[in-house]
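A note on names: the letters A, B, ... follow the listed sequences, proteins ahead of strands, and every chain is numbered from 1. Just so it is clear, the structure is predicted and the values come from calculations on it, not from any experiment.
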Amino acid sequence: MGATSLARAALACAAFAILFPPWYGLEGGLAGWPGGDAAPLAVLVAQGRSWWLWPIPLALPAAAPALTGRGTNGRLLIACGAGALAWAFLQGFAIGTPGQAWGIAETLAGVGVSQPAFGWGAALLIAGAVGLVAAGFAAQGAFGGDGFISALVLGSAALLVAFVFAPLLTILSAAAVEAGQISPGAMLARLGAREAWSLACVRGSLGCGVVWNTLALAVLTGILSTLLGLAFALLSARGAVRGGRAFRALAILPLITPPFVVSLSLIVLFGRTGVVTQFLSSVFDIPRSRWIYGLPGVLLAQLLAFTPIAFMLLEGAVRQIAPSLEEAAATMGARRFTVFQTVTWPLLRPSLAAVFLLGFVESLSDFGNPLVLGGDFDVVATRIFFAIAGARHDPGRAAALALLLFGLTLGAFALQTAWLGRRRYVTLTGKGDSGVAAPLPRGLAIACGAVAYPWLTFTAVVYAIIMLGAFVHDIGRGDMTFTWRHYITAFAVEWQNGPAFTGAAWDSLFSTVEVAAISAPLTASLGILLAWLFARQTFPGRRTLEFMAMLSFAIPGTVVGVSYILAFNVPPVELTGTSLVLVICFVFRNLPVGMRAGIAALAQIDRSLDEASATMGATAVSTLRRVILPLLRPAIVAALAYAFVQAMTAVSAVIFLVSARHNLATVYIVGRVEAGEITLAIAYCSVLIVIMLAVVLGIDRAVGSVRIGRRAEVEAMRPAPLPMAA
Amino acid sequence: MAEAAIRFDSVTKTFGAVRAVDSVSFDLPRGALVTLLGPSGCGKTTTLRLIAGLELADSGYIEIEGSDVTRLAAAERRIAMVFQCYALFPHMTVLENVAYGLAVNGARRAAAEAEARAMLASLGLEGYEARLPAELSGGQQQRVAVARALVLRPKVLLFDEPLSNLDARLRRRVREDIRDLQRRLGLSIVYVTHDQQEALAVSDLVVVMREGRIAQMGTPTELYEEPADAFVADFMGEANVLAGEILFAEGGKARLVVAGVEVETAMRLAARGAVKLAVRPEAVTLAENGSGIPGRVARAAFLGKIREYEVETEAGTLFVTSPAAAPAYPAGAAVVCRLERVIPLKA
């Protein structure tokens, strides 16, 4: 697409935005259009109501010379587009809700002037303005004169700034605001607060600061999940063990279950009235206690959830060690244990470090498990939640805590990058050489087995409880009579001139599926396009853009949630309470996963295919469409399935963003757990699992694999890399 | 005088600190098969990519059939390239692959497919249209790649080491096919290889490159019989490089002093004085006695058609090949090396 056609499209979009859709976003929808509240910009200006908007329509005729297509003036386009953008935001921030207008605006427009937030008209105009700027740059020769690439780069930069950076900055400023004034002192005080950093638990019996709690939990989870995963991986890859399929099947489960499912199961097993507790109490007279609520319980839950992922990554790493290396050591006289110690272990160390860091970060961002099982043991994520949603509502404190959490995850990622460099992808299909891997040293095999098998059984039991608990009367109290009661309460459907969804859970289920179904394709397409942009195109600012896109990976869900409520609660961008904010939140949270899948897949497509296409006269877009995308189908499937599953199971970001009208399944479930209706929560979870399995398998079948030969089919559903905790 | 197919004028391309192509200039004639030859890292592949437009020159001027293409991207030049790995699109059938260039440039599907079919037939691939690339043999894949390139009627056809993925037996046949095709259609071809035998066999013109520069440019015969320096001499076919002194040279014969021995040999005209000489292995005859440089056989090997010898002499170790019919000398035998023909080197 050339610069001129892009310019024309952008102008058309902007013109449409000014003439038809409502400028403001209001509850009433299209009532009264084209007059009344739903008026488009043209009507607003003509009727003199929001007269301060008049510069915007002027941008269009100013840029019109571009339509003639003769010597497109890049500078003019950039100026018009940037001007329209700047004015739109300036006036939006200057004049907001009543009482929030800037002084200068009140002087000019009168005291008490106000306007609602941006609506579709404004959004489309902003899109058109960005398109104009992109066309201008392309006309100037940037991005190789390619309008498509220019639009993609600038568009994604704008989106990332708007939905990743601006909210972050809002947190920063919120942390520094005290009683309406910016005060750095206040921010420092909050960051260093006693509640975060106190070491009281070391000396006395009071709790420690949340930061220490969080770090302790994260380190423990990291170390233990890595060791457990290693035990499984060694057995599966090197031990002559037939449990490989069972391991892998169990490994998929945590990826498609809501994160606190494990916590629920643990409560049912080990809670005060839990199955095991009752058993131990009646048979062995061990007193019942609430030991599960606190660090032990949360740690156990996180281990159950993260070990399978550690296993998958480490198994890949173990398989990647060329057997010929170990064979060479053996021919030089080293016995099995020495070979393991001197060859295998050192080669595994980088992967172990990577997996540790992964577990560490996942634990830092985990919200669901600490919420359900934490008891008195608070971590930063839950503390943030209570600072917003609890009795002591204090956005400043929440913002400061969010900054601390963000700092911790960023530090872990920086460590990972510095320590391990660029080698971050562990390919899960190890192409072994023709050698045969040496079996494990005997002692090691026994040790691994002693750890792995009981854990495997335990994990199986925990998940079995879920399915069991959904069908029995009250598993918590040992009442095992079969019943459909829970499903009926949640999902009752009655017939009243058509199906009436009277069950309690339908609203949140519909909302969730709707939001997930909308956000998954958006996430996947944006992720794959960006991956293509970074892997195949060079342009100034590429590294910066890549960094910005990956940055959202490092931001824990709670931080995202808080940043969105702080940033998008007031005009001009007022999104909280809508389903749009949920979609946006999911898209930008899960973007990095799609990008990574795309980048990894593109690395496997030889550049000579691009070059061959170029020598035959195809533009970059043509090559993308005809050659690259068809070969990327497996990556697209992985990205879609992943984005969908993540959207269905997210908790930490969205718990702040739901509203009465748009509730999500996970938040609803947490609500039921807080109210003590554990069995209902379990029933709902089981339904979610079934839905996700169905969708994931369906996507695989529909988009499926790429046929590149009679015997060669590239498969889509390989275990996906690096999921983010919800 | 017809325009050159390709003209390079002081073209330079740098990657970081490395000058891959260092101020290279040449004119390649139309309708000729030109080979860029040289060891790894000499800049021949970079030069090919500069012609294709896959790299843009840092400085200099590039012209294809009279038009300035220096700043044009690959998609805008009328060239076609056959890649070393063929780069056939794995998800498209043979027919779709060959029709790709036409489709991408706006031809209607029916017309594009008809032309593709005709091209495949002319290359002997009729009946393979519905296959996927992975279902073809190496030689067939290569013909599809060539068909895909030819169907666009490019001004210049580029080959990047086309024979390196084929087994030895197939190489001879395929290189003859390429040569026949070129002659039949009068194509301008630029061909990159590191195999000097291949270069000698098929080229009209050979450009030997070294460290980003042209070492020598000429017909295969010129390069073989009149190499400019020791590097070209040794690259175009093994050469023993000896120091010597020309006493007298006239009428295609010369008298030289090599290793203290006076010898008479065939040599082109050259000035008197000290000189470096290149002697081809097949231009040395071994005898039990007679005039020549005395030496001792260090190693002897029988290769079926020829025998290879390493002979230690005062002038250094000579690498000699003799036809199988000639008398054989075992290791350790004392022999006399008669120089039939020597090449004086300029540097």
Side-chain angles (χ1 to χ4, degrees), chain A residues 1-3 138 140-150 536-539 601-637 703-716, chain B residues 45 48-49 51-56 71-93 96-107 112 130-136 141 144-145 147-161:
Chain A
M1 188 199 295
Q140 298 267 49
F143 307 111
D146 192 323
F148 178 74
I149 294 182
S150 180
R536 286 297 204 256
Q537 308 295 327
T538 40
F539 50 87
L602 278 167
Q604 313 230 353
I605 300 178
D606 200 64
R607 253 176 219 267
S608 60
L609 292 179
D610 290 60
E611 290 176 346
S613 182
T615 58
M616 284 187 270
T619 58
V621 180
S622 218
T623 308
L624 176 65
R625 188 167 61 90
R626 292 172 192 261
V627 179
I628 306 285
L629 282 181
L631 291 172
L632 275 183
R633 273 215 230 119
I636 297 177
V637 168
V703 184
S705 48
V706 186
R707 193 167 163 256
I708 59 173
R710 242 178 299 131
R711 279 178 273 271
E713 266 196 29
V714 182
E715 270 177 27
Chain B
T45 306
L48 194 76
R49 290 169 68 88
I51 299 175
L54 295 169
E55 311 278 359
L56 290 181
R71 298 252 71 88
L72 290 185
E76 289 151 16
R77 304 191 191 189
R78 282 273 308 273
I79 54 97
M81 185 153 155
V82 177
F83 289 76
Q84 186 172 6
C85 60
Y86 315 135
L88 297 180
F89 302 129
H91 59 296
M92 297 185 192
T93 61
E96 286 166 354
N97 261 287
V98 178
Y100 182 84
L102 297 170
V104 141
N105 283 298
R131 292 218 196 167
L132 292 172
E135 295 162 355
L136 300 172
Q141 285 182 10
V144 174
R148 187 174 70 171
L150 281 179
V151 89
L152 291 165
R153 302 190 204 292
K155 291 186 180 168
V156 181
L157 186 56
L158 307 173
F159 282 88
D160 186 5
E161 304 212 31

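- Here the OH-CE distance, from Tyr100(B) to Met92(B), works out to 5.5 Å after rounding to the nearest 0.5 Å.
- At least one donor-acceptor pair closer than 3.5 Å links the side chain of Glu96(B) to the backbone N or O of Thr93(B).
- Using a 4.5 Å cut-off between heavy atoms, Ser613(A) touches chain B through backbone and side chain atoms alike.
- To the nearest 0.5 Å, the span separating CZ on Arg77(B) from NZ on Lys155(B) amounts to 11.5 Å.
- Neither the backbone nor the side chain of Ala145(B) comes within contact range of chain A, judged by heavy atoms closer than 4.5 Å.
- Of all non-hydrogen atoms in Pro133(B) and Gln141(B), the two that sit nearest each other are O-NE2, 2.9 Å.
- Both the backbone and the side chain of Ile79(B) come within contact range of chain A, each with at least one heavy atom under 4.5 Å from a heavy atom of that chain.
- Not one N or O on the side chain of Asp160(B) forms a donor-acceptor pair closer than 3.5 Å with the backbone of Gln84(B).
- Comparing Asp606(A), Ile605(A), Val627(A) by how many heavy-atom pairs each has under 4.5 Å with chain B, the most go to Val627(A).
- When the candidates Thr623(A), Leu609(A), Asp610(A) are compared by the number of heavy-atom contacts under 4.5 Å with chain B, Leu609(A) comes out ahead.
- In this structure, chain A has heavy atoms under 4.5 Å from both the backbone and the side chain of Arg148(B).
- For chain A, no part of Leu158(B) is nearby; none of its heavy atoms comes within less than 4.5 Å.
- Cation-pi contact between Arg626(A) and Phe89(B): absent, since separation from the ring centre below 6.0 Å together with deviation from the ring axis within 45° is not met.
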